[in-house]
Amino acid sequence: MNKFKLTFFGYSGLLGFAVGIIVALFMGLTELGHQLLWQTVPKALGNPSFYPLIVCIIGGVAIGFFVKTFGRYPRTLQESFTEFQETRRIDYQDGKLVKNLLGSLLVLFFGASLGPEAALVALLGGLITYVADRRKIAEHQRADMIEFGVGTSLGVIFMTPLFGVGRSVERDNWQVVTESKLKKYVLYLFTTFTGFIGYLLAYNIFPNQEQVFAIRRMESSFTWQGLLLVIPMIILGALFGKFFLVLQERGEKLNQRIRNPIPLAVLAGGILGVLGMISPYFLFSGEHNLLSFTRQAETMSFFILLLIGFGKVAITMICLACNWRGGTIFPMIFSSIAVGLAFVSLLPYSPGLLVAVFTASACAVILKQPLATACLFLLLFPVELFLWIWLAGYLGNLFLQRVPFFQEEQTIKSFKFPELPKRSKQPTVKTEEDATRDVSELRKAAARKKAKNVDSQPRVIEPKKEVLARKKVQKQRDLKSSIETKSDKQTTDVPMTRMSRHRRK
């Protein structure tokens with residue numbers, strides 16, 4: 001990232017365009033599978049009420065045999081991110097790309113309450129690593145390519161251009177801004193922009209497109225009752241996010257203990273089918289029916305909305321624990337909005353604001369990234385609520401980290417404004433004249449300093465000189481008197497002769 005050349009824009013643009021096309025093809029293929037298995041076939045059979053149960057049990061059998069034969073695929077988001085942080089690459093060898101693709105299609109076709117983002121991150125990360133290895137690209141450039149590709153795919157999936165950039169900014173310590181980081185973020189944005197172009201061009205070839213990841217327009221005006229309820233809703237959202245994380249941790253531990261995956265996969269399929277017979281909102285990840293759900297929520301009671309929200313979390317974790325593997329971001333958003341709408345049905349004050357802060361607090365606690373969460377909801381909620389959403393995510397994480405009971409990891413630091421980059425001054429070539437002038441100025445400064453020291457201590461230096469002079473004079477006098485005394489003693493001690501007696505007389 002040191003040389004900011006035009007070729008970087010070319011490579012980033014091609015990468016983003018390719019990522020957008022791959023995401024569009026994967027999402028389009030998933031849509032075709034949904035329409036065939038959940039619309040065409042049941043319509044031909046007369047729409048039997050027990051159809052979800054049969055399909056989900058069949059899916060459980062297929063997923064169980066797949067996991068027993070090939071292993072736990074597709075990989076989760078956390079597994080892919082952990083591998084990238086440790087090795088700066090995502091492995092593609094031993095047929096992992098094909099296993100991730102087939103495993104994710106099985107899970108998504110049969111109605112699991114999971115999203116496609118986990119499989120796409122593993123697929124795209126592996127493909128980019130494969131290309132980088134074949135082209136013998138340097139390690140740091142390969143890591144940047146993987147990061148750009150993964151961030152672009154997440155931005156395209158959730159229709160939020162700034163989500164990937166927000167994740168990168170928050171992970172890189174956004175409070176310290178450097179020139180190299182700014183160049184990196186510019187390339188990131190350009191990659192995401194070309195990714196959206198590729199996605200829109202490729203996705204248009206698929207029929208019967210539905211609006212995804214949208215909610216109905218809610219009243220977002222501020223009332224004093226709504227403002228008073230903001231903090232309680234943030235705390236409730238943080239607690240809901242913690243509940244989501246606890247269930248996810250328990251599900252992962254249970255998944256690690258499974259030796260024979262077939263029975264539990266079938267059991268998860270049966271539970272999913274029963275819930276699907278009760279309500280279609282328990283099936284799939286929720287991105288396609290979120291808009292219709294928020295419209296129907298106006299006629300639902302508090303307990304029904306609460307049941308849908310917590311039930312969505314429960315069936316998502318059951319799927320994960322029983323090897324129905326996939327992404328959890330879409331179910332997380334759907335369940336948070338459902339519970340937020342339940343509370344708003346009891347407290348109908350500023351409903352848009354309260355649902356936004358509750359959802360933001362819950363999702364920021366789950367993702368542990370308040371800024372990325374705000375970027376994720378930039379186009380889902382009104383833009384004027386962006387700062388409220390960011391603040392809610394920050395305070396929700398801060399609440400859990402400051403309460404000792406939750407024993408939450410300290411990921412939120414004290415807030416401070418970002419430090420802007422400082423450009424280094426260009427070194428100037430000094431002439432002989434400048435060097436002479438500098439030396440003379442240094443000499444003058446030293447002389448001024450010496451004079452200042454002399455002026456500042458006049459009463460100490462002068463008396464000291466006077467005392468030394470007195471001591472010197474006194475020493476000379478003492479020496480003279482001692483010489484005279486010695487000479488007198490010599491004359492008196494010598495014995496007198498005849499000549500000396502004559503001289504004295």
Side-chain angles (χ1 to χ4, degrees), residues 14-15 17-37 58-84 86-112 114-137 142 145-150 152-154 156-157 195 198-199 202-203 205-206 255 258 260-262 265 268-269 284-285 319-320 322-328 330:
L14 288 175
L15 174 64
F17 192 77
V19 167
I21 291 176
I22 293 173
V23 171
L25 293 176
F26 183 86
M27 300 287 284
L29 183 61
T30 305
E31 279 298 307
L32 290 178
H34 284 172
Q35 291 175 10
L36 175 64
L37 200 58
I58 294 173
V61 174
I63 291 170
F65 277 105
F66 178 85
V67 172
K68 187 174 182 179
T69 305
F70 300 105
R72 293 184 174 92
Y73 291 96
R75 308 193 68 183
T76 63
L77 274 178
Q78 189 60 40
E79 290 173 347
S80 298
F81 288 153
T82 302
E83 181 184 4
F84 176 68
E86 292 176 353
T87 63
R88 310 303 292 170
R89 57 187 285 126
I90 295 179
D91 195 14
Y92 58 87
Q93 298 175 348
D94 300 328
K96 290 182 179 179
L97 294 178
V98 178
K99 294 175 185 177
N100 277 303
L101 176 62
L102 294 178
S104 61
L105 290 178
L106 277 177
V107 169
L108 296 175
F109 281 173
F110 286 100
L114 297 165
E117 65 274 10
L120 279 170
V121 167
L123 281 171
L124 290 169
L127 283 172
I128 295 171
T129 305
Y130 173 80
V131 173
D133 288 348
R134 291 294 177 272
R135 300 291 297 175
K136 297 181 180 179
I137 297 175
R142 181 188 65 204
M145 289 177 61
I146 294 174
E147 187 176 355
F148 289 175
V150 169
T152 300
S153 66
L154 292 175
V156 170
I157 293 169
Y199 175 81
Y203 197 66
I205 65 176
F206 294 98
N255 183 259
I258 295 176
N260 186 6
I262 297 176
F284 312 111
S285 60
C319 287
L320 285 175
C322 298
N323 288 314
W324 291 56
R325 299 164 67 84
T328 59
F330 274 129

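For this chain, numbers begin at 1 and follow the sequence in order. Just the heavy atoms: all of them, side chains too, but no hydrogens, waters or symmetry mates, feed the values below. Quick caveat, the model's predicted, so the values are computed rather than measured.
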Minimum heavy-atom distance between [X] and [Y], given as atom pair plus value:
X    : Y    : answer
V23  : S153 : CG2-CB, 4.0 Å
P74  : G103 : CD-C, 3.6 Å
F148 : T152 : O-OG1, 2.7 Å
L114 : C319 : CD1-CB, 4.1 Å

message: My understanding is that only residues two or more places apart in sequence, or in another chain, count here; which of them pass side chain to side chain donor-acceptor pair (under 3.5 Å) with R89?
response: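 D133.
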task: Would you indicate whether the side-chain heavy atoms of F26 and L101 approach each other to under 4.5 Å?
output: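 L101 vs F26: side chains touch.
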- request: Would you indicate whether the side-chain heavy atoms of E31 and M27 approach each other to under 4.5 Å?
  value: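 Sidechains of E31 and M27: no contact.
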- prompt: Between V156 and V19, is a side-chain contact (heavy atoms from CB on, under 4.5 Å) present by the stated rule, with each step listed?
  reply: CA-CA 9 Å; V156 170; V19 167; 5.8 Å; no
field: Whether F284 and H34 hold their rings parallel, tilted or perpendicular, with breakpoints at 30° and 60°
entry: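 Tilted.
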- prompt: For I137, does its backbone N or O pair with a side-chain atom of R142 as donor and acceptor, under 3.5 Å?
  reply: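 Such a contact is absent between R142 side chain and I137 backbone.
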- prompt: Do the side chain of T87 and the main chain of F84 share a donor and acceptor less than 3.5 angstrom apart?
  reply: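 No; judged by distance alone, with no hydrogens or angles, the pair does not exist.
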- prompt: Are any of the side-chain nitrogens in E79 or R72 under 4.0 Å away from the carboxylate oxygens of its partner?
  reply: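 Looking at E79 and R72, the cut-off is not met.
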task: Please name all residues satisfying ring-ring contact (aromatic ring centres under 6.0 Å, His included) with Y92, sequence neighbours left out, ordered by chain then number.
output: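 Partners of Y92 under the ring-ring contact (aromatic ring centres under 6.0 Å, His included) test: Y130.
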Atom pair [atom1]/[atom2] of [X] and [Y] - distance to nearest 0.5 Å:
X    : Y    : atom1 : atom2 : result
E147 : M145 : CD    : CE    : 12.5 Å
W324 : N255 : CH2   : CG    : 14.0 Å
Y199 : I22  : OH    : CD1   : 14.0 Å

Just list the side-chain donor-acceptor pairs under 3.5 Å for residues 58-68, sequence neighbours left out, or say none.
none

- request: Would you list the pairs meeting salt bridge (Lys or Arg N to Asp or Glu O under 4.0 Å) in which at least one residue belongs to residues 100-110, sequence neighbours left out?
  value: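 Matches after skipping sequence neighbours: none remain.
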- request: Scan for salt bridge (Lys or Arg N to Asp or Glu O under 4.0 Å) pairs involving residues 91-107, sequence neighbours excluded, and state none if there are none.
  value: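 Of all non-adjacent pairs touching residues 91-107, those that pass salt bridge (Lys or Arg N to Asp or Glu O under 4.0 Å) are D91-K96.
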task: Quick one: do L29 and L105 satisfy side-chain contact (heavy atoms from CB on, under 4.5 Å)? Show the steps, please.
output: CA-CA 9 Å; L29 183 61; L105 290 178; 3.9 Å; yes
Ignoring hydrogens and angles, write down the donor-acceptor pairs under 3.5 Å from the side chains of residues 115-129, residues two or more places apart or on other chains.
unit_1, atom_1, unit_2, atom_2, d
E117, OE2, T328, N, 3.2
E117, OE2, I329, N, 3.0
T129, OG1, I90, N, 3.3
T129, OG1, I90, O, 3.2
T129, OG1, G125, O, 2.7

